[in-house]
Protein chains: 2
Amino acid sequence: MQASPELKKVGQQAFEGADHLHSATVHLLRGLRIRDRESGIGPAQLSALSVLVFAGPKSLAELAQAEQVKPPTMSRIVAGLVRGKLAYMATNKDDRRAVVISATTKGINLMQEARVRRVESLARAVAALHESEIVLLRKAARIMEELSRKV
Amino acid sequence: MQASPELKKVGQQAFEGADHLHSATVHLLRGLRIRDRESGIGPAQLSALSVLVFAGPKSLAELAQAEQVKPPTMSRIVAGLVRGKLAYMATNKDDRRAVVISATTKGINLMQEARVRRVESLARAVAALHESEIVLLRKAARIMEELSRKV
DNA sequence: ATATATTAGTTAGCTATGCTAATTATATCG
DNA sequence: CGATATAATTAGCATAGCTAACTAATATAT
């Protein structure tokens with residue numbers, strides 16, 4: 001792969017590392033994605049629900065920003081969640097234009113099951129690794145979380 | 001997060017490692033995904049094109065399997081690529097039911113630019129890390145590629 | 001105080017992407 | 001040769017992305 005002139009600045013070492021890391025994460029998630037279909041809801045709804053479950057109630061605009069979609073898109077995603085009784089909406093008392101979207105108990109259960117299902121097959125593969133490799137992956141995961149806040 | 005009874009078997013160490021790794025990859029790719037929109041084509045077309053560019057010509061069924069979608073879905077994705085002159089189709093001479101799908105020069109260029117764009121911001125963040133962290137990430141990437149073939 | 005502007009969310013209408021079922025064309029097998 | 005199997009497409013449905021236009025509520029400025 002060719003580096004752009006712009007990328008020459010950041011160093012060949014870092015560029016190649018980023019390239020490999022990118023490929024590896026794409027390939028890893030490609031395999032896990034399939035299992036999400038068992039949840040019975042679409043990927044956008046599942047992802048939005050995960051935000052509600054792990055980060056708590058959100059306004060529509062906040063949820064749209066967290067999921068990197070525009071408000072009209074999130075409006076329809078939330079409508080789907082509400083239709084499936086996985087989330088519910090209430091009017092914000094301080095600003096009656098705004099809504100507060102929360103996960104229902106059903107939504108929390110569905111999401112946690114989906115998450116376990118996703119991690120299941122990965123965990124089995126990880127268990128087959130050497131102890132030292134698992135330790136290395138955990139360190140890498142920590143660094144990747146930091147990176148994700150900067151990209 | 002709660003492990004299912006099934007997961008207890010694979011060990012708490014591996015399960016937690018897998019969970020962290022899963023979160024980290026999801027968060028990392030979430031940030032990079034946005035830049036793909038600059039390519040002007042949808043994510044499914046971009047991903048299918050990347051297979052054609054890096055793995056060479058493929059039949060529709062092979063491409064569908066590589067991308068983990070059903071043939072009718074891939075049929076339409078390829079139609080989009082052909083419409084945009086990013087790929088072309090030919091009849092397989094040995095089996096005239098089958099098609100051979102290849103990337104055009106335009107398709108190769110577009111895909112490589114998209115790939116560089118994706119890796120760009122990640123490379124900048126990686127460049128800010130310590131040398132030892134970059135080495136660790138490269139080792140992790142290699143292990144993750146192995147994992148991706150097993151999940 | 002009231003007119004104006006801004007903000008939160010929804011609706012309408014387009015494209016892309018996922019599916020299953022049914023169709024068409026070609027290969028293969030008995 | 002006829003029956004069956006296979007490769008791809010077409011039709012029809014749902015989800016998910018966008019922009020533009022709309023409604024309702026809040027904030028601002030005269």
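Per chain, numbering begins at 1; letters A, B, ... match sequence-line order. On a predicted model such as this, the values are computed, not experimentally measured, just so you know.
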Nearest-Å distance, CZ (A:Arg33) to P (D:dT15)?
19 Å

For B:Lys139 and A:Ala140, indicate whether the former's side chain and the latter's backbone hold a donor-acceptor pair under 3.5 Å.
no

Among D:dA8, D:dA16, C:dG9, the one nearest any side-chain atom of A:Pro43 is D:dA16

Verify the contact: side-chain N or O of A:Gln45 to OP1 or OP2 of D:dA16, cut-off strictly under 4.0 Å; return yes or no.
yes

Check whether A:Gln45 reaches the backbone of A:Gly42 with its side chain - one donor and one acceptor, N or O, closer than 3.5 Å.
no

Taking CD1 from B:Ile34 and P from D:dG17, how many angstroms apart are they, rounded to a whole number?
13 Å

Any B:Arg76 side-chain N or O less than 4.0 Å from OP1/OP2 of C:dT17:
no

At 4.0 Å (heavy atoms only), tell me whether B:Ile77 reaches a base, stays on the sugar-phosphate, or touches nothing.
sugar-phosphate

Which of the following nucleotides, C:dT11, D:dA16, D:dT9, is nearest to the side chain of A:Ala44?
D:dA16

Using modelled atom types and a 3.5 Å cut-off, is there a donor and acceptor pairing between side-chain atoms of A:Thr91 and backbone atoms of A:Val99?
no

So, is A:Thr73 close to the D:dC18 phosphate, meaning a side-chain N or O under 4.0 Å from OP1 or OP2?
yes

Of the options C:dG18, C:dA27, C:dG9, whose atoms approach the side-chain atoms of A:Leu60 most closely?
C:dG9

Checking all strands, does A:Asp95 fall into the base, sugar-phosphate, or nothing category for heavy-atom contacts under 4.0 angstrom?
sugar-phosphate

Can you tell me how far P of D:dC18 sits from CD of A:Gln68, to the nearest Å?
10 Å

Just compare C:dT20, D:dC18, D:dT9 and give me whichever is closest to any side-chain atom of A:Lys70.
D:dC18

Check if the side chain of B:Arg37 and the base of D:dG17 share a donor-acceptor pair of N or O atoms closer than 3.5 Å.
no

Mind calculating the distance between CD (B:Glu62) and P (D:dT6) to the nearest angstrom?
16 Å

Whole angstrom value for the distance that separates P of D:dG17 from CG of B:Asp36
14 Å

To the nearest Å, how far apart are B:Asn92 CG and C:dA27 C1'?
12 Å

What is the separation between atom CD1 on B:Ile101 and atom P on D:dA8, rounded to the nearest whole Å?
7 Å

Please pick, from C:dC19, D:dG17, D:dA16, the nucleotide with the shortest atom-to-atom distance to any side-chain atom of B:Val69.
C:dC19

Is B:Arg97 close enough to D:dA8 that one of its side-chain N or O atoms is under 4.0 Å from OP1 or OP2 there?
no

In whole angstrom, what separates B:Arg96's CZ from D:dT6's P?
19 Å

Give a yes or no on whether the backbone of A:Leu46 and the side-chain of A:Ser50 come within a donor-acceptor separation of less than 3.5 Å.
no

Side chain A:Ser75, main chain A:Pro71, donor-acceptor under 3.5 Å
no

